[in-house]
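Please read the structure below before turning to the comments.
Just so you know, these numbers use all the heavy atoms, side chains as well, and skip hydrogens, waters and symmetry mates.
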Amino acid sequence: MNFTGSDISVIGLFGFVIVLTLVEMYFSYAHDRKLYTKRDTWTNIYLMTAAIVINLATKTGTFFLLQYCYQFRLFQIPNIWLYWFVLILAQDFLYWFLHTVGHYVRFFWAMHVTHHSSEHFNLTTGFRSTVFEPLYRVFFYLPLAFMGFTAVDILFAYLVTQIYGNLVHTQYNIKLPKWYAYIFVTPSHHRVHHASNIRYLDKNMGMVLILWDRWFGTFQEELPEDVVKYGLTTQPKDTGAVNIIFHEFIALSADVKKAPTFMDKVKYIFNPPGWSHDGSTKIAKIMQQELREEEGKRYEALQQDKVKGLNDRGELSSTG
């Protein structure tokens, strides 16, 4: 069997991720940090395996669809360095868009939710794949083929950026320069993304570049006063691997059935998670707005107390 340079690169990078995972696992146990549990880790591996099976099953169709669209390319970049720079940049933006859709459209969230279902956060959490994503991911990457990038190169660029995305699934604090954290996704950024705290919901969608989030309003810094709590806002009672894959589809189906009108049924499918026809549940943006208002009121009350305290001290000193 002959391996191409791309094959060797991917195998090497994936092997590097595996080694780092084993190192993190060792230090977690050695320092009793409890970053890993057997059940959670095996669930991550199971979901990764399921995603790989679907990836392999759809790989041929994905390749031929991208290659077919490549025939209708609008232009081509002759300079090899510029070619790869634009490809990585464009692919990373389209992933940000795909990822954002996965958070803001409930039908896609029902598939993406598996990746967020763990209450732990470690390098194997990156393996907890969105199992059904290979069935629709290619349609988000079709613009790359029309831009003159070959199917092989598109798939290779995706694998490379995916490996980077795996590396930021860690709770270990890694000191990085400010310029790096302004441009690239860091573990701190991605910890926010996996949080169930209201402030952090639907934030930091980027895979490699955090610039997309900064530019399009989905960025949130990790704050020391709001410690990250991992998982979902409502964790499923059954954490078995099969239920982790299908529980949100079951909940979505139940909501669609109870919707009083056809348009409400459609809204349950395409509106953000948390939307309800009767207001019994709320989307993340509404909850975040309420949180900001509540914090604003607390801040105003604190300032008023400070002013009152200064006035009281002033009156005491003048009467004294």
Determine, stepwise, if the pair Y83 / F149 fulfils ring pair (Phe, Tyr, Trp, His ring centres under 6.0 Å).
CA-CA 8 Å; Y83 175 94; F149 299 108; 4.9 Å; yes
Using a strict 4.0 Å threshold on nitrogen-to-oxygen distance, state whether K203 and E221 make a salt bridge.
no
Side-chain H-bond candidate by donor/acceptor type, T261 with D264, under 3.5 Å
yes
Please tell me whether Y70 and F146 form a close aromatic pair, meaning their ring centres lie under 6.0 Å apart.
no
With a 3.5 Å cut-off and no angle check, do the side chains of T161 and D92 form a donor-acceptor pair?
no
Side chain to side chain contact (heavy atoms under 4.5 Å, CB included) evaluation trace for I52 with L56:
CA-CA 6 Å; I52 288 173; L56 292 174; 4.0 Å; yes
If you round to the nearest 0.5 Å, how far is OH of Y230 from CG of N197?
9.5 Å
Using only heavy-atom distances, determine whether the side chains of H116 and H112 contain a donor-acceptor pair under 3.5 Å.
yes
Side chains of M111 and E133: closer than 4.5 Å at any heavy-atom pair?
no
Does the side chain of D213 come under 3.5 Å of the side chain of N204 through a donor N or O and an acceptor N or O?
no
With a 4.5 Å limit on heavy-atom distance, are the side chains of W84 and V160 in contact?
no
Which heavy atom of V185 sits nearest to which heavy atom of G206, and what is that distance?
CG2-O, 3.5 Å
Atom OG1 in T239, atom CG in D40: separation rounded to 0.5 Å?
9.0 Å
Does the side chain of I269 come within less than 4.5 Å of V256's, by heavy atoms?
yes
Can you say whether the rings of F121 and H169 are parallel (under 30°), tilted (30 to 60°) or perpendicular (over 60°)?
tilted
For the residue pair H194 and H115, categorise the inter-ring angle as parallel (less than 30°), tilted (30 to 60°) or perpendicular (more than 60°).
perpendicular
Salt bridge check, K285 against D202: does any charged N sit closer than 4.0 Å to a carboxylate O?
no
Any idea how F216 and F93 line up, ring-wise: parallel (<30°), tilted (30 to 60°), or perpendicular (>60°)?
tilted
Electrostatic pair E248-R106, nearest N-O below 4.0 angstrom
yes
With a 4.5 Å heavy-atom cut-off, do L65 and F139 have their side chains touching?
yes
P224 to V227 - nearest heavy-atom pair and separation
O-CG2, 3.8 Å
Looking just at side-chain N and O atoms, do T100 and H103 make a donor-acceptor pair shorter than 3.5 Å?
no
Could you tell me if the side chain of H247 sits less than 4.5 Å from the side chain of L232, heavy atoms only?
yes
Could you label the plane-to-plane angle of the F249 and F246 rings as parallel, tilted or perpendicular, counting under 30° as parallel and over 60° as perpendicular?
tilted
Worked check of side chain to side chain contact (heavy atoms under 4.5 Å, CB included) between V152 and L66
CA-CA 9 Å; V152 171; L66 288 171; over 6 Å; no
Worked check of ring pair (Phe, Tyr, Trp, His ring centres under 6.0 Å) between F64 and Y68
CA-CA 6 Å; F64 280 111; Y68 175 78; over 10 Å; no
Where is the tightest heavy-atom contact between Y200 and Q220, given as atom of each residue plus distance?
CD2-CG, 3.5 Å
Side-chain H-bond candidate by donor/acceptor type, N173 with R191, under 3.5 Å
yes
Closest heavy-atom contact between D238 and N243?
O-ND2, 2.7 Å
Locate the shortest heavy-atom distance separating I210 from A181; write the atom from each residue and the value.
CG2-O, 3.6 Å
Is a salt bridge present between E293 and K297, judged by a nitrogen-to-oxygen distance below 4.0 Å?
no
Over all heavy atoms of both residues, which pair between L94 and F140 is shortest? Give the atoms and the distance, please.
CD1-O, 3.5 Å
For the residue pair R128 / T114, report whether a side-chain donor-acceptor contact shorter than 3.5 Å exists.
no
Both conditions, 6.0 Å and 45 degrees, for the charged tip of R137 above the ring of Y158: are they met here?
yes
For atom NZ of K265, is the number of surrounding heavy atoms from other residues, nucleotides or ligands below 6.0 Å larger than 12?
yes
Is the positively charged end of R214 above the ring of F219, judged by distance under 6.0 angstrom from the centroid and angle within 45° of the axis?
yes
Taking the side chain as C-beta and beyond, is there a heavy-atom pair between Q162 and M207 under 4.5 Å?
yes
